[in-house]
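Working notes, beginning with the structure itself.
We name chains A, B, ... by the order of the sequence lines, and we start the count at 1 in each one.
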Protein chains: 2
Amino acid sequence: MKAIQDHYPDDLAHCFGCGRLNEHGHHLRSFWSGETSEAQFTPEPFHTALPGFVSGGVLASLVDCHGTGTAAAAAYRAEGRDMDTLPPHRFVTASLRVNYVRPTPLGPELLLHGRILSISGRKVTVEVTVTADAQVTVRGEVDAVEMPDSMRPAAVGASR
Amino acid sequence: MKAIQDHYPDDLAHCFGCGRLNEHGHHLRSFWSGETSEAQFTPEPFHTALPGFVSGGVLASLVDCHGTGTAAAAAYRAEGRDMDTLPPHRFVTASLRVNYVRPTPLGPELLLHGRILSISGRKVTVEVTVTADAQVTVRGEVDAVEMPDSMRPAAVGASR
């Protein structure tokens, strides 16, 4: 099944958190499921905070990418069109809030759930939770905005 | 010069963001400087968001680790003792807020600055900014708390 991120155009698919064309990174893959989004992620042994627990930075990265992916999926849905139609939606993060409600154990698969809190113009706010061993360990919110034209690869290339 | 993170005990020095004993990760090194803390970090070419810009997740990770490091340094200072004295201070993140005020260009060295906003019992709140090409691109806040006993390696080992 194609993930939300599989619909990102090739020139926008290099994100360290979720880019399928990034040779490193986390390769997060998010899926739309009914009214929410889901992703699974098993951290690497070196994604440590303190030994035995997942790095808060890695968790923030997962929340971030799951949030922007969910925002893109929501934007297509709000327009009543499929994710493989043009023009593509690609969101970036304006603001990220992450609460570490308990330590996240390193080892078990992590489950991410995303839920749309609001859609307003080019801005979508998404709630994202991380669950490990059936307990929510992280609660985050992502304010995602449609990628500005100044970040498009053609614009970046032209300015350098 | 020893970084704040160089004072973390060996069994607490594996963080993906700043652990000197993590074979992967970002190896962020923070320094106390007068009333603020500073760090320099040059992202790898694969720390991409969209091509040409730094991943929001990586930036969140830097803010996170610079915040907890600054909190530890502030805790020593509040007690009037050096960072190489015992017992060690080691903070973890309770909450992280990151505002991406403009896209962060991928290429130039990033400068991080930390400033203590409050110290209250075991909690220290730190403001962290990221600057690239002399422009602040990220403003973050980290609520850091002294590592709970349940996260100490001996406790983690005993429960598994």
Discussion item. I'd like to know if A:R20 and A:D10 make a salt bridge, using a cut-off of under 4.0 Å between side-chain N and carboxylate O.
Written reply: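 Looking at A:R20 and A:D10, the cut-off is met.
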Worksheet item: Between A:E127 and A:R97, is the closest basic N to carboxylate O distance under 4.0 Å?
Response: no
For each of [options], tally heavy-atom pairs with chain B at distances under 4.5 Å, and name the one with the top tally.
{"options": "A:G25, A:P51, A:G140", "result": "A:P51"}
{"options": "A:T68, A:N22, A:L12", "result": "A:N22"}
{"options": "A:E23, A:M151, A:H26", "result": "A:M151"}
{"options": "A:G17, A:G56, A:A94, A:P148", "result": "A:A94"}

Item to complete: State which residue, out of A:T129, A:V63, A:V128, fulfils the side-chain contact (heavy atoms from CB on, under 4.5 Å) condition with A:R139.
Response: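 Only one of A:T129, A:V63, A:V128 forms a side-chain contact (heavy atoms from CB on, under 4.5 Å) with A:R139, namely A:T129.
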Please look at [X] and chain A and tell me whether the side chain, the backbone, both or neither of the residue comes under 4.5 angstrom of a heavy atom of that chain.
{"X": "B:L50", "value": "side chain"}
{"X": "B:N99", "value": "both"}
{"X": "B:V92", "value": "side chain"}
{"X": "B:S61", "value": "both"}
{"X": "B:D11", "value": "backbone"}

Worksheet item: What part of A:T48 is in contact with chain B, defined as an atom under 4.5 angstrom from a non-hydrogen atom: side chain, backbone, both or neither?
Response: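 For A:T48, the contact with chain B is made by backbone and side chain together.
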Worksheet item: CZ of A:R90 to NE2 of A:H7: how many Å apart, nearest 0.5 Å?
Response: 13.5 Å
Practice prompt. Could you tell me whether the side chains of A:S150 and A:R152 share a donor-acceptor contact shorter than 3.5 Å?
Written response: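 No, no side-chain donor-acceptor contact under 3.5 Å.
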Worksheet item: Any donor and acceptor pair, going by atom type alone, linking the side chain of A:H89 with main-chain N or O of A:L86 inside 3.5 Å?
Response: no
Worksheet entry | Test salt bridge (charged side-chain N to carboxylate O under 4.0 Å, His left out) applied to A:R115 and A:E141, step by step | CA-CA 9 Å; A:R115 186 169 68 91; A:E141 283 186 15; over 6 Å; no
Worksheet item: Quick one: of B:P103, B:C65, B:C18, B:A60, who has the most non-hydrogen atom pairs under 4.5 Å with chain A?
Response: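 Greatest number of close heavy-atom pairs with chain A: B:P103.
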Discussion item. Going by the rule side chain to side chain contact (heavy atoms under 4.5 Å, CB included), which residues pair with A:A3 if we only count those two or more places apart in sequence or in a different chain?
Written reply: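 Counting only residues at least two positions away or on another chain, A:A3 forms a side chain to side chain contact (heavy atoms under 4.5 Å, CB included) with A:Q5, A:D6, A:R29, A:F31.
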